[in-house]
Undergrad: 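For reference, the structure I am asking about is given below.
As the structure is a prediction and not an experimental result, all values here were calculated from the model. Lettering of chains follows the sequences in order, A, B, ..., and the numbering in each one begins at 1.
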2 protein chains.
Amino acid sequence: MSHTDPPAPRTGRPRSTAADAAILEATRASLVDLGWSKLTMGDVATRAGVAKTTLYRRWAGKNELVVDAVAVLFDELELPDRGSLAADVQGVVLQFATLLERPETRTALMAVVAESTRDDSLRHRIRSAIVDRQKRLVLLGRERAQARGELRYEDDASTAARNADLIFDVIAGAVVHRTLVSAEPVDAEWASGFTTLLLLGLSGAQTA
Amino acid sequence: MSHTDPPAPRTGRPRSTAADAAILEATRASLVDLGWSKLTMGDVATRAGVAKTTLYRRWAGKNELVVDAVAVLFDELELPDRGSLAADVQGVVLQFATLLERPETRTALMAVVAESTRDDSLRHRIRSAIVDRQKRLVLLGRERAQARGELRYEDDASTAARNADLIFDVIAGAVVHRTLVSAEPVDAEWASGFTTLLLLGLSGAQTA
DNA sequence: GCAGTTACGCTACGGGTCGTAGCGTAAGGA
DNA sequence: TCCTTACGCTACGACCCGTAGCGTAACTGC
């Protein structure tokens, strides 16, 4: 929800916040019904009950609109303390998988990432609106594990950041790949196997 | 390269294999220049020096065409025996990352996966043309590691298959996520950290 | 050779989406 | 009240889609 950060022009008719909400909801509905590739700006405008020009006054195009429409779904992600690192990992994996099972996110996430490979500003928007929101969970989970004594504290901030990035890519990447590429379900059994692998590694996970 | 498996109709003018090659190469060139979203069938036809109707005689549309055009790039992936499981993992990670740095694959891979979430036949095509080709490397690497004594043999075929699928999703998913979502390079340092994490797990990788 | 069959190049077309311009009207602030 | 900005609506040229139709090219079997 950060199309234009500057607070607002102080004069003239203000932008309708109701229209904002209606447009984003219409975008999600259109994603569910039509999917990314068949979603059109005209259709979204019709569903939202606004003129097409209103959409273009706020978003540069389909890419930016869909990112903002989907971003709020990632706010649902939480990380309640489940008592152990293993339980926390398994919990977040299942939660993330649930999110990826929704048709809006399935069809939109990969599509906007694909677009972002040729559009730097879109990539930054995705990062701040979606990716960074997930990464917080990794940082929080590590803190807790360190407080519990399950993980030791890193020596310096630079390796700490590298480790967090690595773990984030492994967890998010594995869940996304399993769900969207392999197209097979992330159930409790898979989440359990993955967690064991992540914690103990290939060498140690041979008991599964 | 398996649009139509049946050997060929035995009568009439045969399809030009030269046109096949020219079209697929033109598709890759168009992906490099224009990217997935701006690639059009007309442009590919012009580049290949064939009529647009010729494209539609062989492929149902953009999705299928791009999958076939990109699939051959994944044949470059190999898994030479580097002497240890760690070296093999690190090698395949770097090789896969190199492939994902090419502009054709960057822009195409995520896009066709996104499309496949709403198109079952496309998903099967991707699986047989791309995904299964990578999975072989995992199976081969595991065999070697088991022969070396680095991994023990699984008790039954079902858990063996589950493990292979899991490892595949973790490796491919992590590299794809790092490259295309986090948009940061997979260099030797990252590959080394990932390999350590994969082999030893979070609990054991604390020395890094 | 000759007929039969299929592929190819080319043109043309209706249908759809894009993104914008122009206008009159609505909703706030000085 | 004047000024400024947002909104709805219409219309538009541009582009791409996917297909139909036709004449020509290539290969097979008689």
Side-chain angles (χ1 to χ4, degrees), chain A residues 1 3-27 30-31 33-66 107 111-112 115 118-119 121-122, chain B residues 1 3-27 30-31 33-66 107 111-112 115 118-119 121-122:
Chain A
M1 228 95 80
H3 336 120
T4 45
D5 282 326
R10 36 189 33 224
T11 174
R13 177 176 175 177
R15 287 198 172 163
S16 164
T17 58
D20 269 308
I23 291 170
L24 292 176
E25 190 178 341
T27 304
S30 188
L31 279 173
D33 289 353
L34 306 178
W36 160 268
S37 57
K38 295 187 178 174
L39 177 147
T40 68
M41 299 294 269
D43 177 70
V44 171
T46 304
R47 286 175 193 255
V50 300
K52 198 171 54 164
T53 47
T54 300
L55 267 70
Y56 283 105
R57 286 192 190 98
R58 301 165 194 232
W59 289 278
K62 188 171 158 174
N63 294 335
E64 291 78 6
L65 172 61
V66 169
T107 188
V112 295
E115 292 299 309
R118 302 207 124 227
D119 184 338
S121 71
L122 181 63
Chain B
M1 227 97 78
H3 337 118
T4 46
D5 283 328
R10 36 186 36 224
T11 174
R13 177 177 176 176
R15 287 198 171 164
S16 163
T17 57
D20 269 308
I23 291 170
L24 292 176
E25 192 178 340
T27 304
S30 188
L31 279 174
D33 289 353
L34 305 178
W36 159 268
S37 57
K38 295 186 179 174
L39 177 147
T40 69
M41 298 295 270
D43 177 71
V44 171
T46 303
R47 286 174 192 256
V50 300
K52 198 170 57 165
T53 47
T54 300
L55 267 69
Y56 283 105
R57 285 192 190 97
R58 302 164 193 231
W59 289 279
K62 186 172 159 174
N63 294 336
E64 292 77 6
L65 172 61
V66 168
T107 187
V112 295
E115 292 299 308
R118 300 207 125 227
D119 184 339
S121 71
L122 181 64

Undergrad: In whole angstroms, how far is the C1' atom of dA6(D) from the CG atom of Asp20(A)?
TA: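 Result: 12 Å.
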Undergrad: Salt bridge between Arg58(B) and Asp20(B), side-chain N to carboxylate O under 4.0 Å?
TA: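 Salt bridge: yes.
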Undergrad: Can you tell me how far C1' of dG19(C) sits from CZ of Arg58(A), to the nearest Å?
TA: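 Atom-to-atom, Arg58(A) to dG19(C), this comes out as 17 Å.
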Undergrad: Report yes or no: does Lys52(A) contribute a side-chain atom to a donor-acceptor pair with the main-chain N or O of Met41(A) at less than 3.5 Å?
TA: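 No; judged by distance alone, with no hydrogens or angles, the pair does not exist.
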Undergrad: Quick one: side-chain hydrogen bond (donor to acceptor under 3.5 Å, both in side chains) partners of Ser121(A), sequence neighbours excluded?
TA: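 Checked Ser121(A) against side-chain hydrogen bond (donor to acceptor under 3.5 Å, both in side chains); matches are Asp119(A).
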Undergrad: Quick one: Leu55(B) CG to dC10(C) P, roughly how many Å, whole number?
TA: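 After rounding, the gap between these two atoms is 13 Å.
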Undergrad: Identify all pairs in which a protein N or O lies below 3.5 Å from an N or O of nucleotides 15-17 of chain D, and state each distance.
TA:
| unit_1 | atom_1 | unit_2 | atom_2 | d |
| --- | --- | --- | --- | --- |
| dC17(D) | OP1 | Met41(B) | N | 3.3 |
| dC17(D) | OP2 | Met41(B) | N | 3.4 |

Undergrad: Nearest whole angstrom, please: distance from the P of dA6(D) to the CH2 of Trp59(A).
TA: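 In whole Å, dA6(D) P lies 14 Å from Trp59(A) CH2.
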Undergrad: Any sub-3.5 Å donor-acceptor pair from Thr107(A)'s side-chain atoms to Trp36(A)'s backbone N or O?
TA: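 Here the side-chain-to-backbone pair exists.
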Undergrad: With sequence neighbours excluded, what pairs up with Asp43(B) under the side-chain hydrogen bond (donor to acceptor under 3.5 Å, both in side chains) test?
TA: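 Ser30(B), Arg47(B).
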Undergrad: Does some side-chain heavy atom of Arg118(B) sit less than 4.5 Å from a side-chain heavy atom of Lys38(A)?
TA: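 Lys38(A) vs Arg118(B): side chains apart.
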Undergrad: Checking Ser37(B) now: which residues fulfil side-chain hydrogen bond (donor to acceptor under 3.5 Å, both in side chains) with it, not counting sequence neighbours?
TA: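 If we apply the side-chain hydrogen bond (donor to acceptor under 3.5 Å, both in side chains) test to Ser37(B), skipping adjacent residues, the hits are Glu115(A).
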Undergrad: Test of understanding: with side-chain contact (heavy atoms from CB on, under 4.5 Å), list the residues that count as partners of Ala51(A), not counting sequence neighbours.
TA: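 side-chain contact (heavy atoms from CB on, under 4.5 Å) check on Ala51(A) returns Thr53(A), Thr54(A).
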Undergrad: Assuming nearest nucleotide by heavy-atom distance, tell me which of Ala60(B) and Gly49(A) is located more 5' along DNA chain D.
TA: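 Taking each residue's closest nucleotide, the earlier one in sequence belongs to Gly49(A).
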Undergrad: For nucleotides 21-27 of chain C, just jot down a letter per nucleotide in 5' to 3' order: B, S or -, based on protein non-hydrogen atoms under 4.0 Å.
TA: B----BB
